[in-house]
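What follows is a set of notes on a single structure, which appears directly below.
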Protein chains: 2
Amino acid sequence: MTDQSKTAKLACIQVEAMLCFDLYSTHHAVGQVYKPLLAPLGVTYPQYLVLTVLWASDNLTVGAIGERLYLESSTLTPLIKRLEGQGLVKRKRDREDERKVRVKLTKAGDAMRADVQHIPTCLTEAFGVPMPELMGVHETLGKIRAALKKQAEAEARGDA
Amino acid sequence: MTDQSKTAKLACIQVEAMLCFDLYSTHHAVGQVYKPLLAPLGVTYPQYLVLTVLWASDNLTVGAIGERLYLESSTLTPLIKRLEGQGLVKRKRDREDERKVRVKLTKAGDAMRADVQHIPTCLTEAFGVPMPELMGVHETLGKIRAALKKQAEAEARGDA
DNA sequence: CACGACTTAATCGTATGCAATAGAAGGATG
DNA sequence: CATCCTTCTATTGCATACGATTAAGTCGTG
């Protein structure tokens with residue numbers, strides 16, 4: 001192995017370790033900040049994400065919610081049932097297509113929108129980083145995500 | 001509410017939604033790329049992280065591993081037991097302090113180091129973004145993480 | 001030395017998360 | 001209109017992940 005390829009490999013190891021772990025642990029840290037903000041409302045962060053999707057566009061199917069959040073029905077079905085158990089949403093088979101299940105906010109679920117108004121501001125302030133820098137990260141993460149998805153699909157096809 | 005504060009609130013909602021979800025979904029996408037790379041070795045991504053820590057510094061206690069990965073003993077104990085079940089590590093009570101459990105790589109666990117050499121390069125290439133840009137994200141995420149931790153601690157103290 | 005405070009790992013209960021599979025419903029094709 | 005194929009949700013089994021608690025060991029202080 002040449003010195004140059006050694007250096008390149010070392011750089012890769014460091015970047016992989018750094019960035020993957022950055023994502024892993026920053027994601028984790030975000031969850032820790034959300035937890036006490038959401039606890040008074042009795043919902044978890046993934047449940048809050050589902051509600052956020054519904055606040056933007058109500059009466060979606062399970063599949064449509066999953067598309068937006070990159071989650072499978074095996075994750076969403078029990079999660080949504082818990083939301084239903086708390087009286088925040090209602091599940092109903094679609095009349096037109098009985099395979100689909102439509103998830104609709106209840107009055108309580110819709111009203112909770114008002115109880116979370118402070119959260120986005122809390123988070124953005126908690127980031128402690130000026131807006132333009134956040135935008136830069138947003139942009140790069142978008143590119144990375146697109147590239148990773150392509151990679152995952154390539155591997156799934158077998159041409160690793 | 002003034003027009004200005006309305007605009008500020010909207011910006012916060014968008015930034016919160018964007019960035020938290022960026023982290024959520026990019027983290028998810030990373031996992032999807034690792035999965036087929038690690039599957040032939042029979043380990044999961046969190047298990048790989050534990051092995052990576054041990055490859056860098058063997059014979060650590062459960063607590064020391066948790067510190068590095070931000071994981072609790074309730075997560076690590078069963079995970080490490082699974083690694084032990086696969087013959088990759090060995091758990092042993094510390095002679096000096098019987099409260100501690102030391103985790104040590106077996107020959108097989110140490111040998112696996114060679115089987116993962118290609119992975120960092122795969123990941124770095126899969127990111128599809130030039131190195132300097134990755135460094136920028138690394139830096140900003142570090143700042144965000146530090147700020148979020150401070151925020152989480154403040155909330156834990158009750159001064160929300 | 002005894003006793004309480006602290007540390008450490010393990011356990012328990014709950015909630016994600018995924019892959020694989022099942023099962024019901026819709027659609028296409030002959 | 002019967003059969004196959006696809007679509008969509010639900011179920012199952014496994015692996016994280018955390019908070020709260022427990023249990024065992026260590027240490028400091030009176």
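What you see below is based on every heavy atom in this structure, not just the backbone, and it leaves out hydrogens, waters and symmetry mates. Convention: sequence-line order gives letters A, B, ...; per-chain numbering from 1.
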Within-4.5 Å side-chain heavy-atom neighbours: [X] and [Y]:
| X | Y | answer |
| --- | --- | --- |
| M18(B) | M135(A) | yes |
| I119(A) | Y34(A) | yes |
| K143(B) | E133(A) | yes |
| V50(B) | V43(B) | no |

Between atom [atom1] in [X] and atom [atom2] in [N], what is the gap in whole Å?
| X | N | atom1 | atom2 | result |
| --- | --- | --- | --- | --- |
| Y45(A) | dT16(C) | OH | P | 13 Å |
| I65(A) | dC8(D) | CD1 | P | 14 Å |
| K35(A) | dA15(C) | NZ | P | 13 Å |
| K92(B) | dT8(C) | NZ | C1' | 18 Å |
| E96(B) | dC27(D) | CD | P | 10 Å |
| E84(B) | dA10(C) | CD | P | 10 Å |
| L76(A) | dG17(C) | CG | P | 9 Å |
| K100(B) | dA10(C) | NZ | C1' | 17 Å |

**Request:** Starting from the first five and the last five pairs of the helix from dC1(C)-dG30(D) to dG30(C)-dC1(D), work out the angle between the resulting helix axes, to 10 degrees.
**Result:** 0°
Which of these nucleotides, [options], is closest to any side-chain atom of [X]?
| X | options | answer |
| --- | --- | --- |
| K81(A) | dT11(D), dT26(D), dA15(D) | dT11(D) |
| Q47(B) | dA10(D), dG19(D), dA15(D) | dA15(D) |
| P46(B) | dT16(D), dA9(C), dT9(D) | dT16(D) |

**Request:** May I ask you to check whether R145(A) and T26(B) show a side-chain donor-acceptor distance below 3.5 Å?
**Result:** yes
**Request:** Take R95(B) and Y24(A), find for each the nucleotide of DNA chain D with the closest heavy atom, and name the residue whose nucleotide sits nearer the 5' end.
**Result:** Y24(A)
**Message:** Let me spell it out: for each of S73(B) and D97(B), pick the nucleotide of DNA chain D with the closest heavy atom. Which residue's pick is nearer the 5' end?
**Reply:** S73(B)
**Asked** What are the two closest non-hydrogen atoms of P78(B) and S73(B), and how far apart are they?
**Response**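 Residues P78(B) and S73(B), closest heavy atoms: CD-O, 4.1 Å.
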So what does [X] touch, heavy atoms closer than 4.0 Å: a base, only the sugar-phosphate, or nothing?
| X | answer |
| --- | --- |
| R93(A) | sugar-phosphate |
| L79(A) | sugar-phosphate |
| T44(B) | sugar-phosphate |
| R102(A) | nothing |

**Y70(B) and H28(A) aromatic ring geometry - parallel, tilted or perpendicular at 30°/60° bounds** = parallel
**Prompt:** Under 4.0 Å between a side-chain N or O of Q32(A) and OP1 or OP2 of dG19(D)?
**Reply:**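 The answer is yes; a side-chain N or O of Q32(A) sits under 4.0 Å from OP1 or OP2.
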**Item:** Short side-chain N/O contact to dA17(D) OP1/OP2 from T75(B), under 4.0 Å
**Value:** no
**Request:** Kindly say whether, by distance alone, the side chain of R99(A) makes a donor-acceptor pair under 3.5 Å with the base of dT7(D)?
**Result:**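 Yes, a donor-acceptor pair under 3.5 Å.
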**Message:** Can you say whether a donor on the side chain of S74(A) sits under 3.5 Å from an acceptor on the base of dA19(C), or the other way round?
**Reply:** yes
**Request:** Determine, stepwise, if the pair R91(B) / E84(B) fulfils salt bridge (charged side-chain N to carboxylate O under 4.0 Å, His left out).
**Result:** CA-CA 7 Å; R91(B) 286 152 15 96; E84(B) 189 175 33; 3.1 Å; yes
